[in-house]
Amino acid sequence: MIITSNLSKKYNDTQVLHIESLDIPKGQSFGLVGNNGAGKTTYFSLLLDLIQPTTGYIKNNDVLVNESEDWKPFTSAFIDESFLIGYLTAEEYFYFIGELRGQNKSDVDALISQFEDFFHGEILNQKKYLRDLSKGNQKKAGIVAALIGNPEVIILDEPFANLDPTTQIRLKGIIKDLAETKGVTVLISSHDLMHVTDVCERIVVLEKGEVVKDLRTSAATLKELEAHFAGTETV
Amino acid sequence: MIKQFLSLEWKQFKRASYFQKGLAIKIFLILGALYFGGIALFMGVGMFFIARKAIPEVDPIVTINNFLIYWFLFELLIRYFMQQLPVMNVKPLMTIPVKKDTVIHYLLGKTTLSFFNFLSLFLFLPFSIVLLVEGYSPLNVVCWFLSIILLTLSINFLNFLVNKSNTVFYIAAPLLLGLVALEFYGIYTASEPMGIAFNTLYSQPYLAVIPLLLLVVLYKLNFKYVKSGFYLDDAVSKKVKAVEATDLSWFDRFGSIAPFLKNDIKLIWRNARPKQTMFMSFMFLFYGLVFYTQDMYREMPAILAFASMFVTGGFLMTFGQLVPSWDSEYYKLLMSQNIPYRKYLESKWYLMVVAVAISFVLSTPYIYFGWDIFGMIAAGALFNIGLNSFLTLFGGALNRIPVELNTKAKAFSNTNGFNPTQLLIGLPKFLLPMGLFYIPYKLVNFETGIIVLALSGIVGIVFKNFFLRKIENVYQDGKYKTIAAFSEKK
C-alpha cells in the first residue's frame, strides 16, 4: 500500500530522515517508535505532503505523494491540534470533514454514534468550541474525525498521548478493529512501547532518522524494545 | 522586581517576530511613526492659529476647549476598537513569590506608554508651548495641559473598563450616541456645558485636581478589576464562550463551495480578529463622505473614482488580503484533506462578492450627492467584484503570515499581514480604478469613464476561471513554504 524509496529530508545539511526502503502492505497496523527527534513526525509529514522530500519518494496506493493529490480521498490523518478548526464545535467539525469527504450528515451521524463510548460524554452536545476543550478531548475529536469517510490509510501521530487510561484502552480496540476487520492500513507513532506492541503487527524503530529495527510483533517484542531503549541490549 | 519585568519586556520586544522582519519594514514603521508624530506636532502648533483664523472674535483657547469633548470622544472610540489591556504572560509569575499587586501595578503602568497617550501629548504639548509663546498665563496653561494629559490617561483606563465589561459598554454607548444625536438635531447641545467645563478648567488652575481624582478613581477600579481576575481560569486566560449555533443550511444551495462558505461565516462570527476586520470594513462605507462633501475633490474625478471604489471595497480589501492567513491555524488540515484549491478560492471570492453587494446596497444614500456620484460607486462596485477581488486574492496568496484568530489586532504593534510585496500588490488596487476612469474621462467624457470602469469589472467576471486558475498556481507553487510559515510559532 505504502512504498517508501530512498527517502530523505535535510534541513540545511542536517539530515533528519533517511529511509532506504520501507513497504507497508495493505491492512497492516504499523507502529513507529523512536526518541524525540528520531524523525517520526517528519516521516508522517512527508506522507501527507506537508513537507518536500530532499530525495526519494513515497507511493501511497501507487500515487506519488509529492506529485499528485489523488492520495487525499483515501487517506486521513490526525497529527496535531493544527488539524482542528478551533472555532467549530465537535459536531460542526465532523460534518465539515464529512462534507469534504463526500459524506452526508446522516453518514457522519451513523459513524460517530459508534464512538459514544470513546467520547465518554465529553465531546458531543457540549456547546463548546474545539479550542475550549481540554487537550485530551481535542485529541479524541481529531482521531474520530480522521475515521470519517472510510479512509483506507489512517495516520495518527502519538494518538495515546494526553488521553486518559480508559480512553487509551478504548482507542486500542478501535485501531485493532480497523486493521483486522476493515482492512485499513493504520500508521501510528508512540512513546508508549506497551501500547504500540499491543496494537501493531509491525513495529519500526527510528533513530536519528534511520530505521534501526523492523520487528514483526511477537511475545518477545516488548522486551526487545525495552532493552533497546534502555541501552542494555545484548548483541 | 520591576527591573526584571522590564528586562523581560525588552526581550519580548527585541525577539518579537515583527521586529525581526526585514529592514524595509523597520524603516517603514519608523517613517510611519514619524509621519503620524509629525502630523500631530504640526496640528498642535497649527491648531492655535487655525482657531484664531476661523473664529477671530473668540479666544483660541476657548474655541479649542469647546471642541475638546469631540477629541476625547474620538479618542475613546478609536481606543475601544484598537487598544486592549496588554496581556502579560502571567502564568509563570503566579507560582513564584512576587506580590500580585506589583504585577498589576506594572501591568497598568505599562499601558500609560501606549501610542494613544503619546498622540495626545504630541498634539497638546506644542499647542501649550504656542500658548506660552503667545503670552498666556503660564500657571493656567501648565495646569490646563496637565489636566488634558490626566484626562487622556483617564480615558486610557476608562477604555479598559469599557472593553472588559459589557455592562459598562451598554451603559456608555447609548448614552454617548444619544448625546451626539441630540446635539446633531440641535435639541440639546451637550458639548456646550462640556466646553464651559473645560474653559473653567483653564481659568481655575487649581481645578486640575478633578482630573487627577478621576484618574486615581479609574486606576483603582482597574486595579480592583484586574486583581479580582488574577486567576488562571479568569480574565488572564481565555474566556470560554457559549456556542452561538446558527442554522446555515440555507447556504447548501451553493453546492460544492457550501462547506467553505458556512465555515467562513462561522470564522468571521466567532473570532475576535475577523470580527474586528468586519467592523473596520464597515467604516469604509463612510469614506465617500470625506471626498464627496469637499469641492476641492469635485474637481479631481480620478480621486473620486478611487473613493468610490473604497466605499464598496472595504471588506473585500481588509478581509481578502489575508485570505489564506485566516485559515493559518488549521492549514495543515486543509492541505491534507480532500480539498481542491479552486473550491476554496471560489468560496472566498463569493464571500467578497456578497460583501461588495451588501456595501453597495448600503451606499444608496450617496444618491444624495447626485446620480453621477452614485454611478461612480456602482462602477467601482463592479470593478471590485471583477478585478479588485482577484488582485486581492493574488496578493493574499503571496502573504504567508499566520493570523491569530481570536486576538484583536493591536494598533502599531502588529504588522501581521504586512510586507513589501503586499504594498506592491496594493498599488494597482488604487491606481487601476483611477486610470480606468481617468483616461477615458479625459479623452471622451465623464459617462465614458464610468462605463469603462464598469466594463473592466464585467470583463473580470467573464475571465473569472482564468484568474482563479492563475491564483491557484500561486498557491500550488508556494504550498510547502506556506505550510512551514503558518506552523511557525511566533
Side-chain angles (χ1 to χ4, degrees), chain A residues 11 41 44-53 65-67 69-93 95-105 125-134 142 145-146 148-149 151 153 155 157, chain B residues 237-249 251-252 255-275 326-341 343-344 402 404-406 476 478-484 486-489:
Chain A
Y11 288 106
T41 308
F44 285 167
S45 301
L46 283 163
L47 248 171
L48 295 168
D49 194 32
L50 295 174
I51 52 179
Q52 211 171 8
V65 164
N66 58 331
E67 278 177 15
E69 292 190 70
D70 295 337
W71 53 272
K72 285 182 177 174
F74 58 83
T75 309
S76 75
F78 184 69
I79 304 291
D80 54 32
E81 299 89 69
S82 66
F83 277 66
L84 295 173
I85 303 181
Y87 55 85
L88 298 182
T89 65
E91 285 94 335
E92 287 170 338
Y93 178 64
Y95 293 139
F96 178 69
I97 300 287
E99 280 179 281
L100 296 181
R101 303 194 141 260
Q103 304 273 301
N104 63 31
K105 235 179 160 150
N125 305 317
Q126 289 298 297
K127 300 254 167 236
K128 262 189 193 174
Y129 298 128
L130 287 173
R131 64 178 175 223
D132 297 327
L133 294 179
S134 72
I148 293 173
V153 177
I155 300 162
D157 196 9
Chain B
S237 68
K238 284 181 292 180
K239 274 220 172 69
V240 175
K241 262 201 188 152
V243 167
E244 305 163 34
T246 16
D247 182 30
L248 297 172
S249 52
F251 286 91
D252 286 336
S256 55
I257 62 161
F260 299 107
L261 268 182
K262 286 191 282 187
N263 222 24
D264 282 335
I265 288 163
K266 287 173 196 154
L267 168 97
I268 294 170
W269 202 245
R270 294 177 179 177
N271 292 294
R273 180 78 192 275
K275 221 176 185 173
W326 292 122
D327 297 306
S328 62
E329 284 181 359
Y330 46 88
Y331 202 65
K332 276 192 209 160
L333 168 85
L334 295 184
M335 286 304 103
S336 62
Q337 270 300 345
N338 196 12
I339 297 174
Y341 275 115
K343 296 281 168 240
Y344 171 78
E404 269 179 280
L405 282 176
N406 218 9
Q476 297 280 22
K479 176 181 170 178
Y480 301 111
K481 270 192 197 164
T482 314
I483 294 174
F486 283 172
S487 46
E488 231 169 70
K489 292 273 170 278

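Numbered from 1 within each chain, the chains take letters A, B, ... in sequence-line order.
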Greatest number of heavy atom pairs closer than 4.5 Å to chain B - which of Leu48(A), Asp80(A), Leu50(A), Ile97(A) | Leu50(A)
Any salt bridge between Glu69(A) and Lys479(B), counting N to O under 4.0 Å?
-> no
Measure Gln337(B) against the heavy atoms of chain A and call it side chain, backbone, both or neither at under 4.5 Å.
-> both
Gap separating the CD1 atom of Ile85(A) from the CD atom of Glu92(A), nearest 0.5 angstrom | 10.0 Å
Geometric cation-pi criterion Lys332(B) and Phe83(A), 6.0 Å radius, 45° cone = no
Any side-chain heavy atom of Ile339(B) sitting closer than 4.5 Å to one from Phe260(B)?
-> yes
Honestly, the part of Ile79(A) sitting under 4.5 Å from a heavy atom of chain B is neither
Hey, are Glu99(A) and Lys262(B) close enough for a salt bridge, meaning a charged N less than 4.0 Å from a carboxylate O?
-> yes
Contacting region of Leu84(A) [heavy-atom separation from chain B under 4.5 Å] = backbone
Rounded to the nearest 0.5 Å, what's the gap from OG1 on Thr482(B) to CG on Asp327(B)? Could you check?
-> 12.0 Å
Could you tell me which portion of Phe96(A) (side chain, backbone, both or neither) has an atom closer than 4.5 angstrom to a non-hydrogen atom of chain B?
-> side chain
Check whether Asp70(A) gets within reach of chain B through its side chain, its backbone, both or neither, counting any heavy atom under 4.5 Å.
-> neither
Ranked by heavy-atom pairs below 4.5 Å to chain A, first place among Ser328(B), Ala258(B), Ser336(B) goes to Ser336(B)
